[in-house]
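Each remark here refers to the structure printed beneath this line.
In what follows, every chain begins at residue 1, and chains take the letters A, B, ... in the order their sequences are listed.
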Amino acid sequence: RKEVEQDPGPFNVPEGATVAFNCTYSNSASQSFFWYRQDCRKEPKLLMSVYSSGNEDGRFTAQLNRASQYISLLIRDSKLSDSATYLCVGPYYGGSQGNLIFGKGTKLSVKP
Amino acid sequence: EPEVTQTPSHQVTQMGQEVILRCVPISNHLYFYWYRQILGQKVEFLVSFYNNEISEKSEIFDDQFSVERPDGSNFTLKIRSTKLEDSAMYFCASSRGTVRPPNEKLFFGSGTQLSVL
């Protein structure tokens, strides 16, 4: 049973485009989600937290839709440097405490 | 800005050998983690550690794996007898502990690429 699922892409978009990714989750009790960015063969780096209804940081907006159990990430005015894999991260409560699990990631390629 | 540091960046070993991967978490963080990522696959949780003991572990973290915090700064992952399928990037992470897992963001080290031959 997969806890967090993402469209793997790749999304190929021109510079300046707006692009959106979705991530679905299976545990309706989940409250905290994160979007991480991972460059090729590098560590995941936190992009945004999504705790309640949403979060906005510059060109990036994350939304949490509890009714439909998905999280979205919107990137406006895409830059070449936005090319990366975007990882949706959510809680998994299979054990005693819970831990964060990662989606497979959505690959974004921004072209000039 | 404080960061999680990992050594070595690359480790090559023969099948059946023991390896120890080292991490220095951010100094005031309370929770420590190991994740791994096999090439082309997703980041997978291995184990979390709090208050000098394992707080959670995945099915991957079998008897071949162990973790230790030998002093106040280092956090290590030991693989007793490596297999070919242990080849992966191993990431150490830490979190502040102001909110209990899994509701808190993780800070990752740059990883150790383990190659088992």
Side-chain angles (χ1 to χ4, degrees), chain A residues 1-10 21 23-27 29-52 55 57 60 62 64 71 84-107, chain B residues 1 3-6 9-10 23 25-26 30-51 53-61 87-115:
Chain A
R1 176 163 154 251
K2 296 180 180 164
E3 302 295 326
V4 172
E5 292 220 45
Q6 296 181 251
D7 180 345
F21 312 132
C23 166
T24 58
Y25 62 93
S26 55
N27 187 339
S30 301
Q31 296 183 17
S32 306
F33 298 89
F34 306 91
W35 282 103
Y36 279 75
R37 170 198 168 122
Q38 186 175 32
D39 293 290
C40 189
R41 303 184 75 78
K42 299 283 189 182
E43 76 273 23
K45 291 187 177 177
L46 181 70
L47 183 64
M48 301 187 77
S49 306
V50 191
Y51 289 116
S52 54
N55 194 3
D57 183 6
F60 299 85
L64 171 59
I71 313 105
T85 297
Y86 290 82
L87 309 177
C88 175
V89 182
Y92 172 68
Y93 296 99
S96 59
Q97 175 178 269
N99 59 79
L100 287 175
I101 60 165
F102 286 68
K104 289 185 177 179
T106 298
K107 187 170 182 179
Chain B
E1 184 178 318
E3 58 183 25
V4 177
T5 57
Q6 289 187 245
S9 56
H10 292 87
C23 169
I26 295 173
L30 300 180
Y31 286 88
F32 315 123
Y33 311 82
W34 284 100
Y35 282 77
R36 79 171 186 191
Q37 186 174 32
I38 295 170
L39 186 63
Q41 297 188 26
K42 66 178 182 179
V43 177
E44 299 175 291
F45 170 75
L46 293 179
V47 66
S48 59
F49 192 86
Y50 171 74
N51 200 25
E53 61 182 21
I54 291 174
S55 52
E56 191 94 10
K57 60 182 181 179
S58 72
E59 293 171 353
I60 302 169
F61 194 88
S87 295
M89 179 75 90
Y90 287 80
F91 292 110
C92 176
S94 66
S95 62
R96 287 194 179 95
T98 51
V99 180
R100 285 189 65 182
N103 299 306
E104 192 168 52
K105 61 189 176 189
L106 304 181
F107 296 81
F108 284 85
S110 55
T112 294
Q113 178 62 54
L114 176 65
S115 298

Residue part contacting chain A, namely of B:L39, when any heavy atom lies under 4.5 Å: side chain
Looking at B:Q37, B:Q41, B:M89, which one has more heavy-atom pairs under 4.5 Å with chain A than the rest? B:Q37
Can you confirm whether or not the ring centre of B:Y35 sits under 6.0 Å from the ring centre of A:Y36? no
Flag side-chain contact, heavy atom, 4.5 Å: B:Q6 against B:C92: yes
With only heavy atoms counted, which part of B:F108 is less than 4.5 Å from chain A, the side chain, the backbone, both or neither? both
Would you mind checking which part of B:E44 comes under 4.5 Å of any heavy atom in chain A, side chain (CB onward), backbone (N, CA, C, O), both or neither? neither
Work out which heavy atom in B:F61 is nearest to a heavy atom in B:L46; give both atom names and the distance. CB-O, 3.5 Å
To the nearest 0.5 Å, atom OG of B:S110 lies from atom CD of A:E43 at 5.5 Å
Can you tell which part of A:L46 gets under 4.5 Å to a heavy atom of chain B, answering side chain, backbone, both or neither? side chain
I'd like to check B:Y31 versus A:N99 (side-chain heavy atoms, cut-off strictly below 4.5 Å). Are they in contact? no
